[in-house]
2 protein chains.
Amino acid sequence: MRTYPDPMSLTRLTAMPGHLIRRAQQVSTAIFAEELADAELTSVQLISLAAIAERPGLDATTLAELIDFDKATIGGVLDRLERKGLVRRSVSPSDKRVKELAATPAGRALLAASMPAAEQVQVRLLAPLSPAEREDFLRMLRLVTAASQD
Amino acid sequence: MRTYPDPMSLTRLTAMPGHLIRRAQQVSTAIFAEELADAELTSVQLISLAAIAERPGLDATTLAELIDFDKATIGGVLDRLERKGLVRRSVSPSDKRVKELAATPAGRALLAASMPAAEQVQVRLLAPLSPAEREDFLRMLRLVTAASQD
DNA sequence: CATATTTAGTATGTATACATTCTAATTTCA
DNA sequence: TGAAATTAGAATGTATACATACTAAATATG
């Protein structure tokens with residue numbers, strides 16, 4: 001049985017993976033905002049745009065599953081992408097409940113222009129790790145997140 | 001020079017650490033909500049409560065720095081902790097701008113009662129990794145997050 | 001075929017997360 | 001000491017994130 005310095009100290013909690021993951025998310029978001037400042041895209045908007053560009057006609061529910069979004073969250077993201085003129089939503093002829101998604105030319109252009117910056121985010125995020133560690137880190141992240149693939 | 005299957009595919013983006021970290025955060029939050037369902041505490045509320053319990057008289061700005069919170073975010077978290085009767089805020093006699101924070105007896109009791117569940121969250125979160133990998137994963141998370149310690 | 005169930009997307013409400021702005025209070029320092 | 005700069009906390013506005021409930025539409029099934 002391991003012993004700990006303090007059974008319920010702040011030190012304990014800030015050392016926990018839950019806290020460190022929240023911190024990593026903060027760091028990732030901050031770097032993303034810097035690198036994609038010109039594009040004025042969030043990471044969530046970029047990945048949505050990429051999915052839509054890659055699979056025209058995609059519906060919102062499938063999109064949400066593809067990129068692990070809540071069904072309620074994706075609506076707002078699409079609202080913002082549509083408001084910026086990057087994505088269009090049109091009612092499916094075969095099922096009037098469904099909205100088919102498509103990237104506009106402006107959306108495709110912004111996506112292409114933004115990919116180098118997106119790559120750069122990942123480079124900066126993993127810069128503190130050695131190349132071997134980077135592979136390992138990603139592998140472990142996949143393991144941790146795959147576990148609760150509902 | 002490595003080659004990739006598709007220069008701007010969804011596959012590329014979902015394999016990026018930024019996306020995986022967002023996913024890890026989702027998994028962490030979901031497990032936390034399950035384990036702390038009785039306490040009705042979010043991870044953010046628990047760590048705030050722990051910091052306040054450990055350092056009575058703490059002010060909100062210092063608290064935000066301790067646990068890496070935005071100054072604007074901490075206000076709402078404290079509102080909710082106060083509304084639940086877990087924390088009290090009182091104007092500092094020495095500086096009327098400052099609100100001194102203190103955990104109530106109910107707050108301290110809930111904190112003590114919640115620590116085992118908080119430990120359990122971390123156990124479940126890291127369950128897909130071997131013991132050696134767990135150490136490594138935490139070490140790398142610390143490296144990544146320490147890099148942008150403003 | 002008419003009703004029950006399911007499904008897609010939206011709406012509502014709560015909780016982070018953060019930039020920016022504002023007010024009151026304190027500190028600096030000319 | 002008195003105006004300028006700084007600081008604490010709150011307020012405002014935007015963007016995830018998610019539970020729950022709602023509406024319209026499609027499907028299943030008796």
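Here is the naming used below: chain letters follow the sequence lines, and residue numbers restart at 1 for every chain.
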(request) Name the nucleic acid region contacted by B/Asp95, choosing base, sugar-phosphate or nothing; use a 4.0 angstrom heavy-atom cut-off, strictly under. (result) sugar-phosphate
(request) Would you indicate what A/Thr42 reaches in the nucleic acid, counting non-hydrogen atoms under 4.0 angstrom: base, sugar-phosphate, or nothing? (result) sugar-phosphate
(message) Between A/Ala72 and A/Ser43, which residue's closest nucleotide on DNA chain D lies nearer the 5′ terminus?
(response) A/Ser43
(request) Quickly work out the B/Arg89 CZ to D/dA8 P distance and round it to whole Å. (result) 16 Å
(request) Measure the distance from CD1 on A/Ile74 to C1' on D/dA19 and round it to the nearest whole Å. (result) 17 Å
(request) Can you establish whether the number of heavy atoms outside A/Arg88 located under 6.0 Å from its atom CZ is more than 12? (result) no
(request) Would you mind reading off the distance between A/Lys71 atom NZ and D/dA19 atom C1', rounded to a whole angstrom? (result) 11 Å
(message) Is there a side-chain contact between A/Thr14 and B/Leu66 in this structure, where contact means two heavy atoms from C-beta onward sitting under 4.5 Å apart?
(response) no
(message) Strictly below 4.0 Å, N to O, side chains only: are A/Asp79 and A/Arg89 in salt-bridge contact?
(response) yes
(request) Return the 5'-most residue of the pair A/Pro93, A/Arg83 with respect to DNA chain D, ranking by each residue's nearest nucleotide. (result) A/Arg83
(request) Go through DNA chain C in 5' to 3' direction and return only the first and the last nucleotide with some atom under 4.0 Å of chain A's heavy atoms. (result) C/dT7 to C/dC18
(message) If you apply the rule salt bridge (charged side-chain N to carboxylate O under 4.0 Å, His left out), what do you find for B/Arg124 with B/Glu34, and how did you get there?
(response) CA-CA 11 Å; B/Arg124 287 180 57 189; B/Glu34 275 181 35; 3.0 Å; yes
(message) Do B/Val77 and B/Leu81 have side chains that approach each other closer than 4.5 Å (heavy atoms only, starting at C-beta)?
(response) yes
(request) Identify whether the distance between the nearest side-chain nitrogen and carboxylate oxygen of B/Arg139 and A/Glu133 falls below 4.0 Å. (result) yes
(request) Could you say whether B/Thr73 or A/Val98 is positioned toward the 5' end of DNA chain C, judged by the nucleotide with the nearest heavy atom to each? (result) A/Val98
(message) I want to check something: taking the side chain as every heavy atom from C-beta on, are B/Glu100 and B/Leu58 in contact at a cut-off of under 4.5 Å?
(response) no
(message) Considering every strand and a 4.0 Å limit on heavy-atom distances, what is the contact class for A/Ala60: base, sugar-phosphate, or nothing?
(response) sugar-phosphate
(request) Report the distance from atom CG of B/Asp79 to atom P of D/dT12, rounded to the nearest whole Å. (result) 13 Å
(request) For A/Arg97 and for B/Ser94, locate the closest nucleotide of DNA chain C by heavy-atom distance; then report the residue assigned to the nucleotide nearer the 5' terminus. (result) A/Arg97
(message) With a 4.0 Å limit, can you tell me whether B/Thr61 has a side-chain N or O closer than that to the phosphate oxygens OP1/OP2 of D/dG9?
(response) yes
